[in-house]
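One structure is given here, and the rest of the page talks about it.
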Amino acid sequence: MVAVLALLSVLGPPASGSPAATVRGASLRRLATNITGLSSDRSRYVVWTTAQNGVVTYDSFTGRRHDVAVPVSHCTLPSIGAIHATEAVIVCYPSPQFLLNLVTGTTSPIPPAWPIDFGVTGIGSGWLRSTGPCAGGPLPSLCDILLNRQTGELRQQPRQSSTVLNLDAPEPTPVVRCDPKRGQFTTPTYDGHNYLVRDASGNLILRRCGGRSTALSRDGFYAADATIGSGIASWRDGGAVFAYRLDDRITYRYSVGPTFVAVTHTSRAIFAASEIQEDRGGSFTATLLTARIPVARSR
């Protein structure tokens, strides 16, 4: 099962805030069956893959779906390689990849200059990114492999774990998180102003740039699949999934049971892959569940 992008494991000082107040969320309803992968742009659109080697996009505002016409012949085991804003990279086994527009459900090819051996793991309006061995460099040195989407320029640069690349910028310059002058870029665990980390005990911590931290999960499980965007953080922990609203600091808990593997959210709803089933060939599929996240009351 291909889950949402994994939570960053970054150690830091203990959270200074109290655990967020938790209330029971609405009951989850069934949205789709036999899914094999799940992700979202953390704003409006959701994408999942199916056991029939299909890809589906879903608008959480209108409920409209697109069954995507996969442009790759013999596309087996499609997976979601990267997602940003309203675009996703879909990977077909063993190697073909294509770009998917989450709004329209239309597809386009990866630029031909892209080295097919490196799967696309980052996507922006300006650049595509992957990670691989540095050409001509000593092993095991790693580089960011970058492709300019407008010019087709291919380049590599040493990977720096302490920074994030802004793939929407004209130049993919490494940017330090919480830089007040260049903090507009986002990642699945950073929204430009707040970011998620996991401490040595597995607790999920929300850190605010220039502000106090809040412990989101302190119940002894390892919170996973945590993402942040549109003023909401979501994650899974134990037999439930959670949505935390940053503006009023309320956490909503949605029970899903022990057999679930992925969670994501948009600004209006939470989505969980649950009720895992195994077919005769040993492949696993899940049922996709969803519920609305309540809108914060105006203060």
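We count residues from 1, following the sequence as given.
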Contacts of Asp144 meeting salt bridge (charged side-chain N to carboxylate O under 4.0 Å, His left out) (sequence neighbours excluded), chain-then-number -> Arg129, Arg159
For Arg30, the salt bridge (charged side-chain N to carboxylate O under 4.0 Å, His left out) test, sequence neighbours excluded, returns Glu275
- Query: Side-chain contact, heavy-atom cut-off 4.5 Å: Asp225 with Thr264?
  - Reply: no
ask   = Relative to Phe61, does Arg268 satisfy both conditions: NZ or CZ under 6.0 angstrom from the six-membered ring centre, and within 45 degrees of the ring's axis?
value = yes
Sub-3.5 Å donor-acceptor pair from the side chain of Thr187 to the main-chain atoms of Thr189, do we have one? yes
same_hphob_cluster(Val164, Tyr190) at 4.5 Å side-chain heavy-atom cutoff
yes
Distance col, row Leu288:CG vs Ile35:CD1, nearest 0.5 angstrom, shows 4.5 Å
Shortest non-hydrogen pair, Thr266 vs Ser40, comes out as CG2-CB, 4.4 Å
Rounded to the nearest 0.5 angstrom, the OG1-CD1 distance for Thr227 and Ile232 is 9.5 Å
Do Trp48 and Phe271 come within less than 4.5 Å of each other through their side chains, counting heavy atoms only? no
Taking every heavy atom of Leu147 against every heavy atom of Ala113, the minimum-distance pair comes out as CD1-CB, 3.8 Å
Applying salt bridge (charged side-chain N to carboxylate O under 4.0 Å, His left out) to Asp59 and not counting sequence neighbours gives Arg44
Any heavy-atom pair between the side chains of Arg207 and Cys178 that's under 4.5 Å? no
Do Trp127 side-chain atoms and Ala169 backbone N/O form a donor-acceptor pair below 3.5 Å? yes
Sequence neighbours excluded, the answer for side chain to side chain contact (heavy atoms under 4.5 Å, CB included) partners of Thr106 is Asn101, Thr104
Can you check whether Asp191 reaches Arg42 side chain to side chain, under 4.5 Å on heavy atoms?
-> no
Applying side-chain hydrogen bond (donor to acceptor under 3.5 Å, both in side chains) to Thr33 and not counting sequence neighbours gives none
Should Tyr254 and Ser234 count as side-chain neighbours, where that means a heavy-atom distance under 4.5 Å?
no
The remaining residues in the hydrophobic cluster of Leu77, counting side-chain heavy-atom contacts under 4.5 Å among Ile, Leu, Val, Met, Phe, Trp and Tyr, are Tyr93
Applied to residues 77-103, the salt bridge (charged side-chain N to carboxylate O under 4.0 Å, His left out) test, sequence neighbours excluded, yields Glu87-Arg149
Tightest non-hydrogen contact, residues Cys209 and Asn194, listed as SG-N, 4.4 Å
Ser230 meets the side chain to side chain contact (heavy atoms under 4.5 Å, CB included) criterion, sequence neighbours left out, with Ser43, Ser267
Closest heavy-atom pair, Leu99 versus Pro109, reported as atoms and distance to 0.1 Å, is CD1-O, 4.1 Å
Subject >> Student check: side-chain heavy atoms of Ile228 and Leu206 closer than 4.5 Å >> reply: yes
Distance col, row Leu100:CG vs Ile80:CD1, nearest 0.5 angstrom, shows 9.0 Å
All heavy atoms of Ser125 vs all of Asp168, minimum pair found to be N-OD1, 2.7 Å
> Looking only at atom types and distance, does a side-chain atom of Ser274 sit under 3.5 Å from a main-chain N or O of Val256, one as donor and one as acceptor?
Replying inline: yes
Q. Okay, side chain of His265, backbone of Gly229: is any donor-acceptor separation there less than 3.5 Å?
A. yes
Contacts satisfying disulfide (SG to SG under 2.5 Å) that involve residues 51-90 (not counting sequence neighbours) are Cys75-Cys92
Paired with Ile145, the side chain to side chain contact (heavy atoms under 4.5 Å, CB included) test is passed by just one of Leu128, Thr121, Leu154, Thr131, namely Leu154
Would Thr57 and Val68 count as a side-chain contact (heavy atoms from CB on, under 4.5 Å) here? Give the steps.
CA-CA 7 Å; Thr57 68; Val68 178; 4.0 Å; yes
- Query: Would you say Tyr252 and Val23 make side-chain contact, with heavy atoms under 4.5 Å?
  - Reply: yes
Discussion item. If you count heavy atoms of other groups shown closer than 6.0 angstrom to CZ of Arg65, is the number above 12?
Written reply: yes
* Look at the side-chain heavy atoms of Ile, Leu, Val, Met, Phe, Trp and Tyr, link any pair under 4.5 Å apart, and say whether Val89 and Trp114 land in one connected group. => yes
Sorted by chain and residue number, the side-chain hydrogen bond (donor to acceptor under 3.5 Å, both in side chains) partners of Arg208 (sequence neighbours excluded) come out as Tyr244
ask   = Stepwise, does the side-chain contact (heavy atoms from CB on, under 4.5 Å) test hold for Val72 with Phe98?
value = CA-CA 8 Å; Val72 180; Phe98 60 90; 3.7 Å; yes
Check your understanding: With hydrophobic residues grouped by side-chain heavy-atom distances under 4.5 Å, do Val47 and Val103 end up in a single group?
Key -> yes
*asked:* Check the orientation of Phe242 and Trp235. Use parallel for under 30°, tilted for 30 to 60°, and perpendicular for over 60°.
replied: parallel
Note to self: Any non-hydrogen side-chain atom of Val70 less than 4.5 Å from a side-chain atom of Asn53?
What the structure shows: no
Side chains of Arg253 and Ser255, donor plus acceptor under 3.5 Å:
yes
(message) Taking Ile110's backbone N and O only, do any of them form a donor-acceptor pair with Gln97's side chain (distance below 3.5 Å, no angle check)?
(response) no
Legend entry - Trace of the side-chain contact (heavy atoms from CB on, under 4.5 Å) decision for Leu196 with Leu216: CA-CA 9 Å; Leu196 301 173; Leu216 299 181; 4.0 Å; yes
Sorted by chain and residue number, the side chain to side chain contact (heavy atoms under 4.5 Å, CB included) partners of Thr151 (sequence neighbours excluded) come out as Asn148, Glu153
Note to self: Using side-chain contact (heavy atoms from CB on, under 4.5 Å), reason through Leu165 and Leu146 one step at a time and then give a plain yes or no.
What the structure shows: CA-CA 10 Å; Leu165 293 178; Leu146 299 159; 3.9 Å; yes
Would you kindly say whether Thr86 and Asp41 are connected by a side-chain donor-acceptor distance under 3.5 Å? no
Residues Val241 and Ala272: closest non-hydrogen pair is CG1-CB, 4.1 Å
### Query
With the 4.5 Å side-chain cut-off for hydrophobic clustering, are Tyr195 and Ile205 part of the same group?
yes
Side chain to side chain contact (heavy atoms under 4.5 Å, CB included) filter on Ala51, not counting sequence neighbours, yields Asn34, Thr36, Thr285
- Could you tell me whether the side chain of Ser130 and the main chain of Val120 form a donor-acceptor pair under 3.5 Å? no
